[in-house]
Participant: 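Before we start, here is the structure in question, set down as structure tokens.
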Amino acid sequence: MNANADKRRVVVVTGGSDGIGAAAARMLADRGDEVVVVGRSPDKTRAVAAATGAEGHVADFTRLDEVRELARELRARHTSVDVLLNNAGLIAGPRRTLTADGHELTFQVNHLAGFLLTTLLREPLAAARGRVITTSSRAGAARDARVAPGDLDMAEGYDGLRAYKASKLANVLFTRELARRWGPLGVSAAAAHPGMVRSQWGRTGPAAVRFVVASPIRFAMRSPERGADTLVWLATSDPGRDWVSGGYFADRKPAANRGADDPELAAELWDRSAQMCGLEASAAG
């Protein structure tokens, strides 16, 4: 049993200032959780925090130093974290863009920043016997989705969609390895596909993506609340009874991702990600 069961759960939601993240923050706050909203936009983050009674933090995941500072702030305020919802993400445009840290933009925001934040919150997550939920995508389960540990920054053959697919596959590989490494600490992990959602996502992406999100197809897409449903289910249901740690889910059901069924690749990605974030192997778990 969770030792903190008689207290409000602390739930950290990244990418929480808009879209799926904001919807998840509202849904979790409505059920009584102590929500911590993390966003890039100060105004939007402040608005969501005020509307939900949440604690708000601003961090730009294109800068890993801001992720490190965020982790320091969270550890100072919370000795335990029950849920970390890694939801921040984007799809970059057709030209390869490097962050201030020297990494490909999509890979850093979608994978490296969440990896770093998670590893830096290891102690509070373990203290709560918490869970880490990561927003992935069916794009990461596509047949041509590939993660190449020797070229995670896509110096060779960059393509906006290819980079996005790689980052979303990395989310699931990270989830698999997190469950293996941190399971003995009592920490559970899951990744989820939210579906195509009406949000700001994709508006700065490749031309094909911009066309789809601006087309009449948009009206058939899910609402942010519907997109957040599986994420909130994973954040509130019972790991071990309702779902298996290390799994990948869509519409509250296990989903296939053959590219992620490679434990050696998952371990290699973890170690390489730790190196890229400047972490010692022991610090990364």
Side-chain angles (χ1 to χ4, degrees), residues 1-39 45 48-49 51-57 70 74 78 80-89 110 114-115 117-118 121-122 124-137 168 171-172 174-176 178-179 182-183 185-195 197 199 222-255:
M1 179 179 291
N2 191 330
N4 298 319
D6 57 337
K7 301 178 182 178
R8 292 177 70 200
R9 301 188 319 156
V10 174
V11 180
V12 178
V13 182
T14 72
S17 61
D18 205 348
I20 297 170
R26 289 190 294 269
M27 294 160 74
L28 291 162
D30 285 348
R31 70 180 300 280
D33 289 326
E34 181 181 347
V35 175
V36 180
V37 175
V38 179
T45 302
V48 174
T52 58
E55 175 185 326
H57 295 263
L70 170 65
L74 292 174
H78 304 284
S80 64
V81 171
D82 297 271
V83 181
L84 171 59
L85 175 49
N86 285 319
N87 174 69
N110 291 5
F115 172 88
L117 181 61
T118 302
L121 294 180
R122 177 181 176 179
L125 283 164
R129 298 182 67 83
R131 65 191 79 182
V132 178
I133 312 301
T134 300
T135 302
S136 183
S137 167
K168 296 290 102 179
N171 292 154
V172 184
F174 163 64
T175 295
R176 301 267 203 260
L178 180 64
W182 291 14
L185 301 176
V187 176
S188 304
H193 167 62
V197 176
S199 69
R222 295 179 173 184
S223 68
E225 290 74 19
R226 179 69 183 88
D229 178 74
T230 296
L231 298 169
V232 172
W233 171 69
L234 290 166
T236 57
S237 55
D238 187 357
R241 184 190 69 189
D242 298 321
W243 50 272
V244 176
S245 184
Y248 168 61
F249 300 86
D251 295 326
R252 300 193 179 194
K253 297 177 182 178

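The first residue of the sequence shown is numbered 1, and numbering continues consecutively from there. For clarity, every value in this text was computed on a predicted model and none was experimentally measured.
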Participant: So, Asp251 and Lys253, do they make that salt bridge, N to O below 4.0 Å?
Facilitator: no

Participant: Determine, step by step, whether Leu74 and Val81 satisfy the side-chain contact (heavy atoms from CB on, under 4.5 Å) criterion, reporting the C-alpha distance in whole Å, the side-chain angles of both residues, the deciding distance to 0.1 Å, and the verdict.
Facilitator: CA-CA 9 Å; Leu74 292 174; Val81 171; 5.7 Å; no

Participant: Is the closest basic N to carboxylate O distance between Lys7 and Glu34 below 4.0 Å?
Facilitator: no

Participant: Just by distance, do the side chain of Asn87 and the backbone of Gly15 share a donor-acceptor pair under 3.5 Å?
Facilitator: yes

Participant: Going by side-chain hydrogen bond (donor to acceptor under 3.5 Å, both in side chains), name the residues that satisfy it together with Arg176, two or more places apart in sequence or in a different chain.
Facilitator: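 Once residues adjacent in sequence are excluded, the partners of Arg176 under the side-chain hydrogen bond (donor to acceptor under 3.5 Å, both in side chains) criterion are Asp261.
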
Participant: For Asn171 and Asn110, indicate whether the former's side chain and the latter's backbone hold a donor-acceptor pair under 3.5 Å.
Facilitator: yes

Participant: To check you understand the geometry: which heavy-atom pair defines the closest contact between Ala22 and Ser17, and what is its length?
Facilitator: CB-C, 4.0 Å

Participant: Which atom pair, heavy atoms only, marks the closest approach of Gly16 to Val48?
Facilitator: O-CG1, 3.5 Å

Participant: Where is the tightest heavy-atom contact between Ala228 and Met27, given as atom of each residue plus distance?
Facilitator: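 Of all heavy-atom pairs spanning Ala228 and Met27, the closest is CB-SD, 4.0 Å.
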
Participant: Atom CZ of Phe174 and atom CG of Asn86: how far apart are they, to the nearest 0.5 Å?
Facilitator: 6.0 Å

Participant: Of the non-hydrogen atoms in Thr52 and Ala29, which two are nearest, and what is the gap between them?
Facilitator: O-CB, 3.8 Å

Participant: How long is the span from the CZ atom in Arg26 to the CD atom in Glu225, to the nearest 0.5 Å?
Facilitator: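 That separation rounds to 5.0 Å.
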
Participant: May I ask you to decide if Val10's main-chain N or O and Asp82's side chain share a donor-acceptor pair within less than 3.5 Å?
Facilitator: yes

Participant: Donor-acceptor check, side chain of Thr14 to backbone of Ala88, threshold 3.5 angstrom: yes or no?
Facilitator: yes

Participant: Counting N and O atoms only, with roles assigned by atom type, does the side chain of Arg8 sit under 3.5 Å from a partner on the main chain of Asp33, one being a donor and the other an acceptor?
Facilitator: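 At least one qualifying donor-acceptor pair exists.
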
Participant: Main chain of Val38, side chain of Thr45: is a donor-acceptor contact present, judged purely on distance under 3.5 Å?
Facilitator: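 Checked: no pair found.
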
Participant: On a heavy-atom basis, which atom in Ala179 and which in Ala189 lie closest, and how many Å separate them?
Facilitator: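 Result for this residue pair: N-CB, 4.2 Å.
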
Participant: Has the side chain of Arg131 got a donor or acceptor atom that lies under 3.5 Å from a matching backbone atom of Leu234?
Facilitator: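 Side chain of Arg131 to backbone of Leu234: a pair is present.
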
Participant: To check you understand the geometry: which heavy-atom pair defines the closest contact between Trp243 and Ala190, and what is its length?
Facilitator: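 So the minimum-distance heavy-atom pair works out to CZ3-CB, 3.6 Å.
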
Participant: Quick one: does Thr230's side chain have a donor or acceptor within less than 3.5 Å of a partner on Pro194's backbone?
Facilitator: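 Not confirmed, Thr230 side chain does not pair with Pro194 backbone.
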
